Amino acid sequence: MKLLIKNGRVVHPVTNAVLIQDLLAEDGKISLLERGLEVEADQVIDAAGLVVCPGLVDMHVHLRDPGLTYKEDIITGSAAAARGGVTSMACMANTDPTVDCPEQVAYVLEKAKQGSGVQVYPIAALSKGLRGEEPTDADALKKAGAIALSDDGNNVDNANLMRDVLIRARRLDLPVLCHCEDTSMVAGRAVNEGSVSRQLWLEGRPAIAEEIMVMRDAMLAEETGAHVHICHVSTARSVEIIRKMKKKGVPITCETCPQYFTLTEDEVLTQGSMARVNPPLRTAQDVKGIIAGLKDGTIDVIATDHAPHSAEEKARPLTRAPSGMIGLETSLAITLTELYHTKKMELPAIIRRMTTNPSDILHLPKGRMSLGVDADLTIFDPDEEWVIDPEQFASKARNTPFAGRTVKGKVKYTIVKGEIIYQDA
């Protein structure tokens, strides 16, 4: 099978180059990449005016499978990913049962074969049952196919357990992904501690709850030499802590999500539980800090933390609704709208944070635009405007605060190993 892509603006995230090039994918690999290719192919895409980049890699999603499939499952999550230009995604372990044993890792990998073609990589639990009491068998989980460890959804309060896990993870060369919020300071609290929590007469989730744990896990990374990755960074001071630790040479990376560089806590006043996430939406000053961290490279990755819930669950009052929003089908468009079209970041820098960097952190052979690599590609129109309509989503869930928003940037093709798995109608 030969696929020829002609006249695209090809983004090379490693070198920062954007070149008008043709690309030939042959037997699932990129075989030619140059201007003016004149070769026979089984299928030809004219990408004139479109951007061609490595397939997006989302290193933080919740697919709710096994056990919570009324919210989402691996099949629908894969379809949503394909519509969003995501060709590879890593799914978290907070399912029912928890992905904390080789059998559950095998289940995820086997179920993923039935999906759209998007490659699904399981992240296994750091502790058994996500209880933070007893470590999982990291060696067995890695052998089964887990690519990282995380209790995401729960903070690991026990510092000694976290230290022990990091020592083992370093030996196995497994990154550990950390949800950083001190449980004692946030349990049962729905929104950021600040002006909105005061207006609503609610106890808030203070920024310091995140920052304390970011500092703790950064110090443990420094002490153990293990690779710590901080999930969904939401405060300016967390960014500053990570920046300082990186300058010291600590093996730490981090991610943020579109909601944290786009929305503030004020969204809760108009959207209620639809704007409830963990960690919560913060202040305008935090948004500025997140964008600064993206621009200077402190923040390595833009992920979604795709967190599907049913309409019934999100219709509950703010204090009783579950936290989380979906993002697989909107992350590229929101990121382009907020960072590229506002000239805050150049296109290669954005694409690097959505392809090369997450691939490198998870040790995946993805996120490159070079000969011989898998032809995992995303083709998009950076200038096409569209209105986010959750009713059109492939996901089972509709819980996004971005509904009705006009965005700029539309996925036209998603390609995995040279096969088109999604094409915009």
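Hydrogens, waters and symmetry mates are skipped; everything else that's a heavy atom, side chains included, is used. Only a predicted model underlies this, so the values are computations on that prediction, with no experimental measurement involved.
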| Regarding His306 and His60, is there a side-chain donor-to-acceptor distance under 3.5 Å anywhere? | no

| field | Side-chain donor or acceptor of Thr378 paired with backbone N/O of Cys53 under 3.5 Å | value | no

| Tyr340 side chain reached by Thr335 side chain, heavy atoms, under 4.5 Å | no

| Short question: side chain of Thr414, backbone of Ala82 - any donor-acceptor pair under 3.5 Å? | yes

| Any luck finding a side-chain donor-acceptor pair between Asp300 and His229 under 3.5 Å? | no

| field | Tyr413 side chain vs Ala47 backbone, donor-acceptor pair below 3.5 Å | value | no

| Pair Lys128 + Asp100, salt bridge at N-O below 4.0 Å | no

| message | I'd like to know if the side chain of Asn16 pairs up with that of Arg352 as donor and acceptor (distance under 3.5 Å, no hydrogens or angles considered). | response | yes

| query | Less than 4.5 Å apart, any side-chain heavy atom of Arg168 and any of Pro135? | reply | yes

| query | Any side-chain donor-acceptor pair under 3.5 Å between Tyr70 and Glu312? | reply | no

| Donor-acceptor side-chain pairing of Glu210 and Ser234 below 3.5 angstrom | yes

| said: Between the side chains of Lys29 and Asp374, is the shortest nitrogen-to-carboxylate-oxygen separation below 4.0 Å, so that they form an ion pair? | reply: yes

| Should Val196 and Asp266 count as side-chain neighbours, where that means a heavy-atom distance under 4.5 Å? | yes

| request: Assess the side chains of His309 and Lys314: does a donor N or O sit below 3.5 Å from an acceptor N or O? | output: no

| field | Salt-bridge contact Lys344-Glu338 (side-chain N to carboxylate O under 4.0 Å) | value | no

| Counting only N and O atoms by type, is there a donor-acceptor contact under 3.5 Å from the side chain of Thr355 to the main-chain atoms of Val57? | no

| said: With heavy-atom distances below 4.5 Å as the criterion, would you say the side chains of Arg83 and Val411 are in contact? | reply: no

| task | Determine, step by step, whether Thr69 and Lys396 satisfy the side chain to side chain contact (heavy atoms under 4.5 Å, CB included) criterion, reporting the C-alpha distance in whole Å, the side-chain angles of both residues, the deciding distance to 0.1 Å, and the verdict. | result | CA-CA 9 Å; Thr69 53; Lys396 287 183 182 180; 4.3 Å; yes

| request: State whether the side chain of Asp58 and the backbone N or O of Ala303 hold a donor-acceptor pair below 3.5 Å, judged by distance alone. | output: no

| task | Check the side chains of His179 and Asp151 for a donor-acceptor pair under 3.5 angstrom, ignoring hydrogens and angles. | result | no

| Roughly how far, to the nearest 0.5 Å, is the CG atom of Leu3 from the CD1 atom of Ile420? | 5.5 Å

| field | Ion pair Arg282/Glu265, N-O distance below 4.0 Å | value | no

| query | When you check the side-chain N and O atoms of Thr87 and Gln119, is any donor under 3.5 Å from an acceptor? | reply | no

| Does a donor on one side chain sit under 3.5 Å from an acceptor on the other, for Ser323 and Arg276? | yes

| message | Please determine whether a side-chain nitrogen of the Lys or Arg among Lys366 and Asp376 lies less than 4.0 Å from a carboxylate oxygen of the Asp or Glu. | response | yes

| query | Salt-bridged, Lys412 to Glu384, with N to O below 4.0 Å? | reply | yes

| said: So does Gly409 get a backbone contact from the side chain of Trp386, meaning a donor-acceptor N/O pair under 3.5 Å? | reply: yes

| field | Side-chain H-bond candidate by donor/acceptor type, Thr262 with Gln259, under 3.5 Å | value | no

| field | Salt bridge flag under 4.0 Å for residues Asp22 and Lys6 | value | yes

| query | Heavy atoms, side chains only, cut-off 4.5 Å: are Gln392 and Glu329 in contact? | reply | no

| said: Would you say His232 and Thr256 are linked by a side-chain donor-acceptor pair, where the criterion is simply a distance under 3.5 Å? | reply: no

| request: Using a strict cut-off of less than 4.0 Å between a Lys/Arg side-chain nitrogen and an Asp/Glu carboxylate oxygen, indicate whether Lys113 and Glu110 qualify as a salt bridge. | output: yes

| said: Check Lys248 with Glu222, please: is the shortest side-chain N to carboxylate O separation under 4.0 Å? | reply: yes

| query | Do Val11 and Met369 have side-chain heavy atoms sitting under 4.5 Å apart? | reply | no

| message | Measuring from atom CD1 of Ile30 to atom CG of Leu371, what distance do you get when rounded to the nearest 0.5 angstrom? | response | 7.5 Å

| message | Does any part of the side chain of Arg64, heavy atoms only, come nearer than 4.5 Å to the side chain of Pro308, both counted from C-beta? | response | yes

| task | For the residue pair Thr98 and Gln104, confirm or rule out a side-chain donor-acceptor distance under 3.5 Å. | result | no

| field | Side-chain touch Glu181/Arg205, heavy atoms, less than 4.5 angstrom | value | yes

